[in-house]
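Before any comments, here is the structure.
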Amino acid sequence: MLHWPSLTLPELFDLSLILRRGECALEWDRTYTFGEIDARASQMANALYARGIAAGDRLCVYLSNSIAYIDLFLAATRLGVIFVPVNILYRDREIRHILEDADPAAVISDEANAPHIPDGAPLWRMEDLLREAAEQPATRRISVTDGDAPAALVYTSGTTGVSKGAIITHNAFAVNALNIISCWQIQSTDRLLLTLPLFHVHGLGNGLHCWLISGCRMRLTERFDHARAAEWMLDFEPTLFFGVPTMYVRLLDVEEDAARRIGERMRLFVSGSAPLPSQVLEAFRNRYGHTILERYGMSETLMNISNPYVGERRPGSIGLPLPGVSVRNLDPDGNPVNDGETGELYVRGSNVFSGYWRRPEASAAAFRDGWFRTGDLAVRSADGYYTLQGRAGDLILSGGFNIYPREIEEFLTEQPGVAEAAVAGVSDPLRGEVPVAWVVARVGTVGEIDCDALETACRSHLASFKIPRAFIVVDKLPRTALGKIQKHLLPPWKRES
Ligand code: MCA
């Protein structure tokens with residue numbers, strides 16, 4: 001196995017922030033040089049320091065993509081502060097859990113989003129911080145020296161449905177970005193269009209970090225907007241795009257001539273966070289003249305397996321293990337399966353997280369003999385390509401967001417009239433899968449479950465992508481003799497229209 005030296009993010013980011021000071025770095029409301037990004041980060045670090053923030057503190061950040069997000073992230077990494085990105089689609093229940101668990105010194109949000117932060121939380125307004133940062137000197141304050149220090153807690157749910165903070169060190173992030181920069185041949189001459197949310201490791205660890213380390217030029221948008229994506233691409237002329245399959249499905253609607261022109265300037269389209277259907281890869285190739293490079297990662301491990309940049313990008317396959325990432329495919333007893341047979345993927349490498357925040361038991365359970373258990377089932381071909389076969393647990397992937405049925409089921413059974421609930425993913429041509437709920441009424445209230453009220457309750461307490469697409473009232477849930485719900489036996493849901 002390859003051993004990398006323990007690196008900190010600031011020392012890698014300085015390859016661009018210092019050595020490429022005068023070069024154009026970012027397009028946001030205007031263009032910014034790397035020198036300007038560096039100065040803003042320094043000012044923000046000084047502003048946080050002046051507020052008493054110190055190494056090891058957690059800082060929760062509940063914001064959409066913006067240059068301020070970048071300021072905060074860079075400042076946190078320099079101060080050794082543990083950055084805790086919170087999904088902007090989360091609502092009170094989900095946010096409260098993260099705040100209780102991460103126990104942050106502050107949660108930073110802005111005027112538009114702060115109303116979702118539960119009362120009593122140590123809320124700091126981004127507008128205030130930006131004002132304070134503007135008054136600070138741009139002197140560099142870099143206190144992190146150890147690459148094994150945590151850089152972020154990334155909240156992810158286990159099969160239990162309880163969201164846990166995966167501790168990602170500076171070195172794990174660094175190894176991940178260096179690996180994909182070299183494997184995908186990312187250079188300072190690239191132009192990256194980043195529309196992915198920065199609160200997930202796809203946007204943060206692949207997008208933001210590759211930009212800062214390679215010194216390429218990036219246009220950042222607040223979010224992916226399918227009505228404007230083609231316009232952005234024609235205008236910015238990116239050579240590099242990272243997306244989730246839903247984005248590629250959306251991009252198939254772009255008219256032929258525009259798609260061809262976008263394809264001419266592009267060097268590499270990468271897809272991840274959910275399986276990319278082969279038909280989408282083929283249709284995209286016909287329209288854009290590019291074979292999307294599919295790769296596989298997780299919040300806990302960052303990137304593990306990737307199709308090659310040079311060589312066959314095999315439809316339906318996630319490719320070959322990245323350098324320095326060891327992969328094993330094991331049966332339930334822990335024995336290696338033969339090529340062509342389904343096993344569960346286990347990974348080991350400097351890219352892997354160091355455990356869940358303040359959860360020693362869950363951390364221990366996540367590993368088997370030092371190998372991280374992914375929960376993903378896969379087959380390895382004789383020539384070494386891996387193909388995913390599904391999940392060992394019942395995770396739903398919708399638009400690249402993870403949904404754990406258990407969390408929605410627990411919420412539904414807290415609602416009036418609901419005795420039991422089962423949530424499962426049904427396939428969806430745009431989002432891959434969407435959640436659907438089957439509910440059983442409490443004795444004495446049969447016929448009284450108000451599905452509209454259930455939907456309204458979900459809408460005000462859960463992230464939009466977790467809201468079941470339909471609520472189906474059933475007499476009982478199919479169970480095994482031991483009482484386990486058999487989701488594959490639930491009555492099928494028929495989509496209207
Ligand atoms: C989606 N919505 C958003 C955002 N994204 N709202 C605000 N900010 C966002 N960033 C909401 C919309 O308001 C809407 O809610 C619903 O989602 C669907 O929006 P729509 O415009 O119809 O979007 P779409 O064309 O369907 O595209 C959805 C999307 C989104 C933009 C592709 O699913 C997305 O950003 N996915 C990326 C997820 C991601 O980054 N995953 C990485 C996880 P409403 O329905 O209420 O109107 S990291 C990971 O998995 C590992 C490590 C890995 O391997 O990468």
Side-chain angles (χ1 to χ4, degrees), residues 62-66 69 85-91 110 112-113 116 152 154-157 166 168 172-173 176-177 180 194-210 220-230 232 241-254 270-276 280 293-306 318-319 322 325 345 347 351-353 372 374-376 388 391 395-404 428-435 455-456 458-460 462-469:
Y62 183 71
L63 291 169
S64 297
N65 290 357
S66 74
Y69 204 106
V86 183
N87 188 325
I88 199 69
L89 298 172
Y90 280 0
R91 293 296 174 258
D110 56 10
N113 296 294
H116 295 299
V154 178
Y155 274 80
T156 158
S157 303
I168 316 284
F173 271 135
N176 176 69
I180 61 179
L194 191 63
T195 64
L196 283 162
L198 291 171
F199 53 72
H200 272 320
V201 304
H202 194 170
L204 187 73
N206 291 9
L208 196 85
H209 294 178
C210 285
L220 180 71
T221 66
E222 191 182 325
R223 54 164 300 198
F224 179 80
D225 178 346
H226 58 85
R228 300 185 61 200
W232 292 333
F241 183 76
F242 297 152
V244 297
T246 303
M247 295 178 182
Y248 290 108
V249 175
R250 289 290 199 192
L251 287 169
L252 291 176
D253 291 339
V254 172
V270 181
S271 178
S273 308
L276 180 71
V280 176
L293 185 155
E294 184 172 7
R295 56 70 184 166
Y296 161 76
M298 289 182 74
S299 298
E300 285 93 337
T301 63
L302 310 174
M303 302 305 110
N304 295 313
I305 298 178
S306 170
I318 50 174
L322 284 163
V325 182
L345 287 177
V347 296
N351 54 311
V352 176
F353 77 134
F372 175 67
T374 66
D376 285 314
L388 293 177
R391 293 271 316 170
L395 170 75
I396 302 169
L397 275 169
S398 189
F401 289 119
N402 290 2
I403 304 171
Y404 286 87
D428 180 83
L430 175 62
R431 306 244 162 74
E433 292 180 294
V434 288
E455 183 179 342
T456 307
C458 289
R459 204 162 272 290
S460 49
L462 300 173
S464 59
F465 56 90
K466 295 181 189 170
I467 299 164
R469 207 46 76 84

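All of these numbers come straight from a predicted model, not from anything done at the bench. Start at 1 with the first residue, then count along the sequence. Numbering of ligands and ligand atoms starts at 1, following listing order.
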Residue that, paired with Leu220, satisfies side chain to side chain contact (heavy atoms under 4.5 Å, CB included) out of Leu208, Thr195, Asn65: Asn65
side-chain contact (heavy atoms from CB on, under 4.5 Å) filter on Asn87, not counting sequence neighbours, yields Leu89, Tyr90, Phe199, His200, Phe401, Phe465
So for Ser464 against ligand 1, with non-hydrogen atoms under 4.0 Å, the contacting part is side chain
Tell me whether Ser299 reaches ligand 1 (any heavy atom closer than 4.0 angstrom to a ligand atom). yes
Against ligand 1, does Arg431 come closer than 4.0 Å with any heavy atom? yes
Heavy-atom protein neighbour under 4.0 angstrom from atom 13 (O) of ligand 1: yes
Per-atom contacts, ligand 1 versus Arg250 - under 4.0 Å to a heavy atom: 22 (O), 24 (P), 25 (O), 26 (O)
Ignoring angles and geometry beyond distance, decide whether Phe224 reaches within less than 3.5 Å of ligand 1 through its nitrogen or oxygen atoms. no
Of Gly399, Ser271, Gly432, the residue with the heavy atom nearest atom 37 (C) of ligand 1 is Gly399
Answer with side chain, backbone, both or neither: which part of Asp225 has a heavy atom less than 4.0 angstrom from an atom of ligand 1? neither
Within less than 4.0 angstrom of ligand 1, does Phe401 place any heavy atom? yes
In terms of its nearest heavy atom to atom 3 (C) of ligand 1, the top option of Ile467, Leu89, Asn65, Asn87 is Leu89
Decide whether the shortest distance between a heavy atom of Gly203 and an atom of ligand 1 is less than 4.0 Å. no
Between Tyr296 and the options Asp376, Thr301, Leu322, the side chain to side chain contact (heavy atoms under 4.5 Å, CB included) test singles out Asp376
Close-contact set for ligand 1 against Leu196 heavy atoms, below 4.0 Å: 40 (O)
Asp253/His226 under side-chain contact (heavy atoms from CB on, under 4.5 Å): CA gap, chis, key distance, verdict: CA-CA 9 Å; Asp253 291 339; His226 58 85; over 6 Å; no
With atoms numbered from 1 as shown, which atoms in ligand 1 lie under 4.0 angstrom from a non-hydrogen atom of His200? 39 (C), 40 (O), 41 (N), 42 (C), 43 (C), 48 (S)
Ligand-side contact atoms (ligand 1) for residue partner Arg459, heavy atom cut-off under 4.0 Å: 46 (O)
Show me which atoms of ligand 1 lie under 4.0 Å from any heavy atom of Met298. 52 (C)
Heavy-atom protein contact below 4.0 Å for atom 29 (C) of ligand 1: no
Got a sec, which residues hit ring pair (Phe, Tyr, Trp, His ring centres under 6.0 Å) with Phe242, two or more places apart in sequence or on another chain? Trp184
Which bit of Arg295 gets closer than 4.0 Å to ligand 1, counting heavy atoms only: side chain, backbone, both or neither? side chain
